[in-house]
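Report on the following structure.
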2 protein chains.
Amino acid sequence: MSLGHTAVPLLDRQLAAAAGSADRPVSHAQCPVRDVLERVGDKWTVLVVVELVRGPRRFTELLRAVDGISRRMLTRTLRLLERDGLVERTVFPTVPPAVEYRITELGAGLAGPLDVLAAWAVEHRADIESARAAYDARDRPARP
Amino acid sequence: MSLGHTAVPLLDRQLAAAAGSADRPVSHAQCPVRDVLERVGDKWTVLVVVELVRGPRRFTELLRAVDGISRRMLTRTLRLLERDGLVERTVFPTVPPAVEYRITELGAGLAGPLDVLAAWAVEHRADIESARAAYDARDRPARP
DNA sequence: CAGTATCCCTGCCGATACTG
DNA sequence: CAGTATCGGCAGGGATACTG
């Protein structure tokens with residue numbers, strides 16, 4: 001179902017509930033598309049997923065691999081991913097403890113759609129950048 | 001206020017910063033993929049895009065169509081989309097003024113990848129939900 | 001090692017009032 | 001109608017210290 005410039009397929013359906021129709025103002029949390037979109041838009045989630053798609057990692061490995069992430073955010077991100085079944089967490093009861101995070105099949109499956117989006121971004125990067133340049137050049141007060 | 005005395009209207013730091021100031025401590029700022037991901041993850045952006053894919057809309061039409069959005073957020077969202085060349089803004093110098101927003105070809109092209117992601121979300125919605133249910137049932141943080 | 005708990009500050013967003 | 005200016009709350013997230 002390609003969309004081009006005609007009708008809006010699936011996406012429309014799912015978001016229509018949240019967007020247009022007589023829905024309660026606060027509770028559009030149930031839309032699975034919105035749900036995934038929010039997760040994907042999260043700064044750290046995708047970076048963690050990408051790292052885990054490469055192979056299983058331990059907590060501190062991820063902490064080093066994902067540049068700039070804090071313990072707090074890494075924990076939170078991993079918990080969310082685990083909860084959604086995208087990542088599997090395994091604790092080895094050693095001393096000191098070792099914990100391994102591994103992408104699940106479901107999680108790996110998400111990489112496909114993400115790649116499509118990434119490909120689009122790369123393919124149209126020049127268009128976007130030139131659009132920005134044009135926009136910024138349009139009317140801008142002299143900068144100090 | 002803190003931008004100096006030059007009158008840069010609404011456009012928050014994102015617009016101002018991208019235009020001229022070199023005040024950007026983050027190193028991974030200009031990754032196009034991250035860029036698109038952030039936009040897509042934005043609560044309002046996708047809703048506005050979806051509405052505009054259906055057809056051109058005026059400001060107030062969008063305000064009504066995208067449930068819960070404020071004038072401020074709609075303006076900000078539209079400016080960002082316009083700047084990236086995803087949406088075209090046309091002002092008709094009538095009284096009172098009429099402004100039409102129309103999706104561009106570039107913007108409509110984004111709907112494809114979005115659709116792929118949406119399809120994935122719908123397809124695996126059950127998996128995610130059951131994973132959540134299992135996770136939530138696993139170990140309750142029993143706090144008396 | 002792998003987290004949790006806490007503090008604190010930024011900046012996002014909604015509500016409101018005002019203009020051309 | 002189509003925005004802009006301003007304020008205030010409140011939650012997201014970084015830094016740090018502590019624990020099993």
Side-chain angles (χ1 to χ4, degrees), chain A residues 25-26 28-29 38-39 41-45 47-48 52 56-83 87-102 139 141, chain B residues 1-3 5-17 23-28 38-39 41-45 47-48 52 56-83 87-102 139 141-143:
Chain A
V26 189
H28 34 49
E38 271 174 19
R39 194 126 312 151
D42 178 62
K43 185 179 176 183
W44 301 118
T45 302
L47 295 177
V48 169
L52 286 178
R57 297 288 137 94
R58 295 175 58 180
F59 188 83
T60 308
E61 286 181 311
L62 286 171
L63 208 55
R64 282 196 311 264
V66 179
D67 189 58
I69 197 170
S70 64
R71 295 173 195 280
R72 182 177 147 75
M73 278 301 103
L74 180 55
T75 302
R76 182 185 174 279
T77 302
L78 287 170
R79 288 291 177 277
L80 250 40
L81 289 171
E82 188 195 355
R83 188 174 115 94
V87 161
E88 188 189 11
R89 176 175 179 266
T90 310
V91 181
F92 300 97
T94 59
V95 177
V99 178
E100 186 193 77
Y101 291 93
R102 182 187 293 269
D139 57 10
Chain B
M1 293 294 259
S2 56
L3 287 177
H5 55 281
T6 52
V8 179
L10 205 225
L11 329 173
D12 300 10
R13 233 139 290 163
Q14 292 168 294
L15 301 184
D23 164 31
R24 193 74 175 142
V26 186
S27 56
H28 42 357
E38 271 175 19
R39 194 125 313 152
D42 179 61
K43 185 179 176 185
W44 301 118
T45 301
L47 296 177
V48 169
L52 286 178
R57 297 288 135 98
R58 295 176 58 181
F59 187 83
T60 308
E61 286 181 312
L62 286 171
L63 208 56
R64 282 196 310 265
V66 180
D67 191 59
I69 196 170
S70 64
R71 296 172 193 281
R72 185 183 191 277
M73 279 301 103
L74 180 56
T75 302
R76 182 184 174 281
T77 302
L78 287 170
R79 289 291 178 277
L80 250 38
L81 288 171
E82 188 195 355
R83 188 173 114 94
V87 161
E88 187 190 10
R89 176 175 178 266
T90 310
V91 181
F92 299 97
T94 59
V95 177
V99 178
E100 187 194 76
Y101 292 94
R102 182 186 295 267
D139 53 8
R143 291 273 182 164

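These values consider heavy atoms only, across backbone and side chains, with no hydrogens, waters or symmetry-generated copies. Residue numbers start from 1 in every chain, and the chains themselves are labelled A, B, ... in the order their sequence lines are given, proteins ahead of strands.
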Distance check: side-chain N/O of A:R79 vs OP1/OP2 of C:dG3, anything under 4.0 Å?
yes
Report yes if a side-chain nitrogen or oxygen of A:R58 is closer than 4.0 Å to either non-bridging phosphate oxygen (OP1 or OP2) of C:dA2; otherwise report no.
yes
Does B:T60 make a side-chain N or O approach to OP1 or OP2 of D:dA2 shorter than 4.0 Å?
yes
Just compare D:dG14, D:dC1, C:dA2 and give me whichever is closest to any side-chain atom of B:P96.
D:dC1
Rounded to whole angstroms, how far apart are CG on A:L47 and P on D:dG13?
13 Å
Smallest heavy-atom separation, B:E61 atom then B:P56 atom, equals OE1-O, 4.4 Å
When rounded to whole Å, the CZ to C1' distance for the pair A:R76 and C:dA2 reads 18 Å
Minimum side-chain heavy-atom gap A:L52-A:L78 below 4.5 Å
yes
Whole-Å distance, A:R71 CZ to C:dC1 C1', equals 9 Å
Separation of C:dT16 atom P from B:M73 atom CE, nearest Å, is 16 Å
Ignoring backbone atoms, establish whether A:W44 has a side-chain N or O less than 4.0 Å from OP1 or OP2 of D:dG14.
yes
Paired with D:dG20: which nucleotide, if any, by Watson-Crick or G-U wobble criteria at under 3.5 Å for both distances?
C:dC1
Closest heavy-atom pair and its distance - A:T45, A:T77:
CA-CG2, 3.7 Å
Roughly, in whole Å, what's the span from CZ in A:F59 to P in C:dC1?
11 Å
Interatomic distance, A:L80 CG vs D:dG13 C1' [rounded to whole Å]:
14 Å
Any A:Y101 side-chain nitrogen or oxygen under 4.0 Å from OP1 or OP2 of C:dG3:
yes
What are the two closest heavy atoms between B:A98 and B:R58, and how far apart are they?
CB-NH2, 3.4 Å
For B:R64, which of B:V66, B:D67, B:T60 qualifies under side-chain contact (heavy atoms from CB on, under 4.5 Å)?
B:T60
Check whether any side-chain nitrogen or oxygen of B:R89 sits under 4.0 Å from OP1 or OP2 of D:dG3, and answer yes or no.
yes
Nearest whole Å is fine: how far is D:dG20 P from A:F92 CZ?
23 Å
Out of D:dA2, C:dG3, C:dT6, which nucleotide sits closest to the side chain of A:V99?
C:dG3
So if I take every side-chain heavy atom of B:T75 and compare against D:dT4, C:dC13, D:dG13, which nucleotide ends up nearest?
D:dT4
Can you figure out which of C:dC13, D:dG13, C:dG3 approaches the side chain of A:R72 most closely?
D:dG13
Write down the distance between CD (B:E100) and C1' (D:dG3), rounded to a whole number of angstrom.
17 Å
